[in-house]
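Remarks on the structure that follows.
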Amino acid sequence: MRLAPCAFFSHLCKKINPIMSVRVRFAPSPTGPLHMGGVRTALFNYLFARKHQGTMILRIEDTDQGRFVPGAEEYIMESLEWCGIQIDEGIKEGGKFGPYRQSDRKLIYKQYADQLLESGWAYYSFDSSEDLDAIRKEYESRKETFSYDTQTRKSLRNSLTLAPDEVKRLLHSGVHFVVRFRMPENHEIVMQDIIRGEVRVNTATLDDKVLFKSDRMPTYHLANVVDDHLMEISHVIRGEEWLPSLPLHVMLYKAFGWTDTMPQFAHLPLILKPNGNGKLSKRDGDKLGFPVFPINWNNPETNEIYSGYREAGYFREAFVNILALLGWNDGTDKEIYTTDELIQAFSLERVGKSGSRFDPEKAKWFNHQYMLLKSNEEIAEEFIKAQGSRLKAQVKAQGSRLRDQVEEVEWNRIVKIISLVKERAEFVKDIWSQAWFFFEAPTTYDEAVIKKRWSPEMPLILKDITSLLLPYLSLAPCALSLGEFETLIKGHIVANSLNMGNVMNILRLCLVGSSVGPGVFDIMALLGPKEVIARIDRAVQTIG
RNA sequence: GGCCCGUUCGUCUAGGGGUUAGGACGUCAGAUUUUCAUUCUGGUAGCAGGGGUUCGAUUCCCCUACGGGCUACCA
């Protein structure tokens, strides 16, 4: 085994090769739900692929059979779909580089492990996990750390130290063995990362990683490099937690003789917890007070449900926007992007180097921005979907679209209500608390408002106002416009020199039960004269 | 512990050898509104520390500190 001079890594400096098409992959392992950091990695891959008219691949890395979680694969695909991250090649989509699930590629890895064994870049290791654990403990007791490396391998049970006959005998005896990478001694590996620039590591600090496990499955490292090569991946965009294994991967490309087509690497900074200790992890679940998952995850083992952004009421566009701006910006002050705009503006060079703490408050602000951007009709659809049972919205039997199932009068009314309250809502679910009084009459009245605004003569004043509305009773509910209500009532207040603030606030109290909500006349116009009179009468009766 | 990566307002960030260090979220104050909210205006707050290099460093280099990642027959 010989090593060429370090110069052979210099090709890594090359910029994006225009001839080679961009092919990127998102390669999660189905050990549970994807969390938002994983989704962001997928998103950056997707944006990069679309930006360069490339191909986005979803590869499932399930080489650890012990950690397989049922439903995780489906969860991953559903999450990406919700985010609008379209996969070009994958399990569902197919493609000529399949299969796209590593457990279905099991046979492929064996031959590559053999290739390394033959060329001397790998060796058999017969040390059992128990033996190794014991050695680790022993080292620990001396306050040292054991690593299976260029030095320690010389005195362990492997095909480097054992006689060839003995190795052959062991192989045929059926004892467990693993295949380890034979790390060269004392060589400087120089790597290029698109985000971090040059990274150097000496092989003396690296260990001999297991490539092929005793269960005949490859480890992540082998499978990953082999698949990226076979699938002609041009850029590996992954989380920073992988940076420490980059030297190994680079060496593997070298060992296989694939350096000429080795992908370029970009290691994304991590998303950190808001309180600032450690990266965001799946295990955070709902502990942090905000979802860490894109969509709800039902833990099959405990039956616990962890909340997702989708169910928490986030718009998908908002969620994607939030993720995109965590660690990336285009250098301008722009913060609200459609996915197409993200694709246009995206570049790996503008991804930052340092980890970002997630700010749940700003996430809400983003959703509010999208609330403002959306049409009233769109929000009305969502609102009816969420609150349908409360609305008594006279749902018609037929109609494929939700909108067609609602009486037109009611639909128009809801759209109008949305237009009045959407700017005060962050989520669709907030709309009910801002607008419930359009659908139900209040039954209680805020004491503080009564104390401040009510006076003994108020019932009389209100009586006058209701008589003002009486002539319009026979008309359709919404026949009296906002302006007409205003002219009528304000005119009355002014003509009788009444206290504007008191009367208006009391009117609001009668209609809403407290001192919140849109303009009083807006509310009246939507309620109609009949309901307004009814609510005033009821309030007067209740308050006295 | 070892190896690697990082460090600009509380948070996300722009910037870059000479800037009043810019924006956004949050927060505070004022304005508007018949209420609440929205909105608008304004304020608050930052280059981790120490050495170099330089006429001049927040910007380039080194060290320290701090933060983060990795350190499995997990990915």
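Residue numbers start from 1 in every chain, and the chains themselves are labelled A, B, ... in the order their sequence lines are given, proteins ahead of strands. Keep in mind that this is a model prediction, so the values were computed, not measured.
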Can you work out whether A:Arg180 or A:Thr145 has the more 5'-proximal nearest nucleotide on RNA chain B? A:Thr145
Specify the residues of residues 27-35 of chain A, ordered by number, for which at least one heavy atom lies under 4.0 angstrom from an atom of RNA chain B. A:Ser29
Side chain of A:Leu132 (C-beta onward), nearest among B:U39, B:A75, B:C73: B:C73
Taking only residues two or more places apart in sequence or in another chain, which ones pass ring-ring contact (aromatic ring centres under 6.0 Å, His included) with A:Phe427? A:Tyr314
Who are the ring-ring contact (aromatic ring centres under 6.0 Å, His included) partners of A:Tyr337, not counting sequence neighbours? A:Trp328
Only counting residues at least two apart or in another chain, list the ones meeting ring-ring contact (aromatic ring centres under 6.0 Å, His included) with A:Phe146. A:Tyr139
Among B:C25, B:A72, B:A75, which nucleotide has an atom closest to any side-chain atom of A:Trp365? B:C25
Check whether NZ of the Lys or CZ of the Arg A:Arg350 lies under 6.0 Å from the centre of the six-membered ring of A:Phe346 and within 45 degrees of that ring's axis. no
B:U19 versus B:G23 - spacing of their C1' atoms, nearest Å: 15 Å
Rounded to whole angstrom units, what separation is found between the OH atom of A:Tyr220 and the P atom of B:C70? 13 Å
For the P atoms, the ones on B:G2 and on B:A72, what distance do you get once it is rounded to whole angstrom? 16 Å
Starting from C1' on B:G1, measure out to OH on A:Tyr139 and report it in whole angstrom. 14 Å
If I pick the C1' atom on B:U44 and the same atom on B:G30, what distance separates them, to the nearest angstrom? 15 Å
Looking at every strand, decide which applies to A:Lys279 at a 4.0 Å heavy-atom threshold: base, sugar-phosphate, or nothing. sugar-phosphate
NA contact type, A:Arg350, heavy-atom cut-off 4.0 Å: base, sugar-phosphate, or nothing? sugar-phosphate
I'd like the C1' distance from B:A48 over to B:A24, given in whole Å. 24 Å
Between B:C73 and A:Arg136, is there an OP1 or OP2 to side-chain N/O distance shorter than 4.0 Å? yes
Can you confirm whether the side chains of A:Thr205 and A:Asn202 place a donor and an acceptor under 3.5 Å from each other? no
In whole Å, what is the span from the NZ atom of A:Lys213 to the P atom of B:A72? 15 Å
Using a cut-off of 4.0 Å on non-hydrogen atoms, how would the nucleic acid contact of A:Gly66 be classed: base, sugar-phosphate, or nothing? nothing
Under 4.0 Å, heavy atoms only, any strand: does A:Glu61 hit a base, just the sugar-phosphate, or nothing? sugar-phosphate
Sticking with atom P, work out how far B:C5 lies from B:U64, rounded to a whole angstrom. 14 Å
For A:Asp330, report the nucleic acid contact type (base, sugar-phosphate, nothing); a contact means any heavy atom under 4.0 Å. nothing
Applying a 4.0 Å non-hydrogen cut-off, can you work out what A:Ser128 is touching in the nucleic acid: base, sugar-phosphate, or nothing? base
Check nucleotides 40-44 of chain B against the protein and report each pair of N or O atoms closer than 3.5 Å, with its distance, or say if there are none.
none

Ion pair check, A:Asp207 and A:Lys209, cut-off under 4.0 Å: yes
Watson-Crick or G-U wobble partner for B:U59, using a 3.5 Å limit on both distances? none
Just how far, in rounded Å, is P of B:G69 from NE2 of A:His267? 16 Å
Those residues at least two apart in sequence (or on a different chain) that pass salt bridge (Lys or Arg N to Asp or Glu O under 4.0 Å) with A:Arg142 are A:Glu138, A:Glu144
Please list, chain by chain and in numerical order, all residues satisfying ring-ring contact (aromatic ring centres under 6.0 Å, His included) with A:Phe126, sequence neighbours excluded. none
Whole-Å distance, A:Phe212 CZ to B:C74 P, equals 12 Å
Under the side chain to side chain donor-acceptor pair (under 3.5 Å) test, which residues partner A:Ser354, sequence neighbours left out? none
The nucleotide from B:A14, B:C74, B:U39 with an atom nearest the side chain of A:Asn329 is B:A14
Strictly under 3.5 Å: I want the nitrogen or oxygen pairs between protein and nucleotides 3-11 of chain B, one per line.
from	atom 1	to	atom 2	distance (Å)
B:C5	O2'	A:Arg196	NH1	2.5
B:C5	O2'	A:Glu240	OE2	2.9
B:U11	OP1	A:Arg357	NH1	3.3

Whether the A:Thr152 and A:Asp149 side chains hold a donor-acceptor pair (N or O, under 3.5 Å, no angle test) is what I'd like checked. yes
At under 4.0 Å between heavy atoms, what does A:Val210 touch on the DNA or RNA strands: base, sugar-phosphate, or nothing? sugar-phosphate
Side chain to side chain contact (heavy atoms under 4.5 Å, CB included) partners of A:Pro28, counting only residues at least two apart: A:Phe26, A:Leu34, A:Leu58, A:Ile60, A:Ile76
Taking only the C1' atom of each, what is the distance from B:A45 to B:U20 in whole angstrom? 16 Å
Closest to side chain of A:Asp333, choosing from B:G68, B:A75, B:G23: B:G23
Distance in angstrom units between A:Arg283 CZ and B:A75 P, rounded: 17 Å
Mind checking whether A:Phe319 and A:Tyr309 have ring centres under 6.0 Å apart? yes
By nearest-nucleotide position on RNA chain B, the 5'-leaning member of A:Gly501 and A:Ala363 is A:Ala363
Contacts table for residues 239-249 of chain A: side-chain donor-acceptor under 3.5 angstrom, sequence neighbours left out:
from	atom 1	to	atom 2	distance (Å)
A:Ser245	OG	A:Trp242	O	3.1
A:His249	ND1	A:Arg238	NH2	2.9

Distance check needed: B:U13 C1' versus A:Glu335 CD, whole Å only. 9 Å
Of the listed B:C74, B:U34, B:G26, the closest approach to the A:Glu361 side chain comes from B:G26
Tell which nucleotide pairs with B:U32, taking only Watson-Crick or G-U wobble pairs whose two distances are both under 3.5 angstrom. none
In whole Å, measure the gap between the C1' atoms of B:G16 and B:C70 for me. 32 Å
If pairing means Watson-Crick or G-U wobble with both distances under 3.5 Å, then the partner of B:U53 is none
Grab the CG-P distance between A:Asp430 and B:U38 for me, whole Å please. 12 Å
Verify the contact: side-chain N or O of A:Thr63 to OP1 or OP2 of B:A75, cut-off strictly under 4.0 Å; return yes or no. yes
Watson-Crick/G-U partner (both atom distances under 3.5 Å) of B:U27: B:G43
Can A:Glu361 and A:Lys364 be counted as an ion pair, charged N to O under 4.0 angstrom? yes
Considering only the C1' atoms, how many Å lie between B:G52 and B:G15, rounded to the nearest integer? 24 Å
Both distances below 3.5 Å, Watson-Crick or wobble geometry, any strand: find the nucleotide opposite B:G6. B:C66
Under the salt bridge (charged side-chain N to carboxylate O under 4.0 Å, His left out) rule, what pairs show up with a residue in residues 488-498 of chain A, not counting sequence neighbours? A:Glu486-A:Lys490
Mind checking who B:A14 pairs with, Watson-Crick or G-U wobble, both distances under 3.5 Å? none
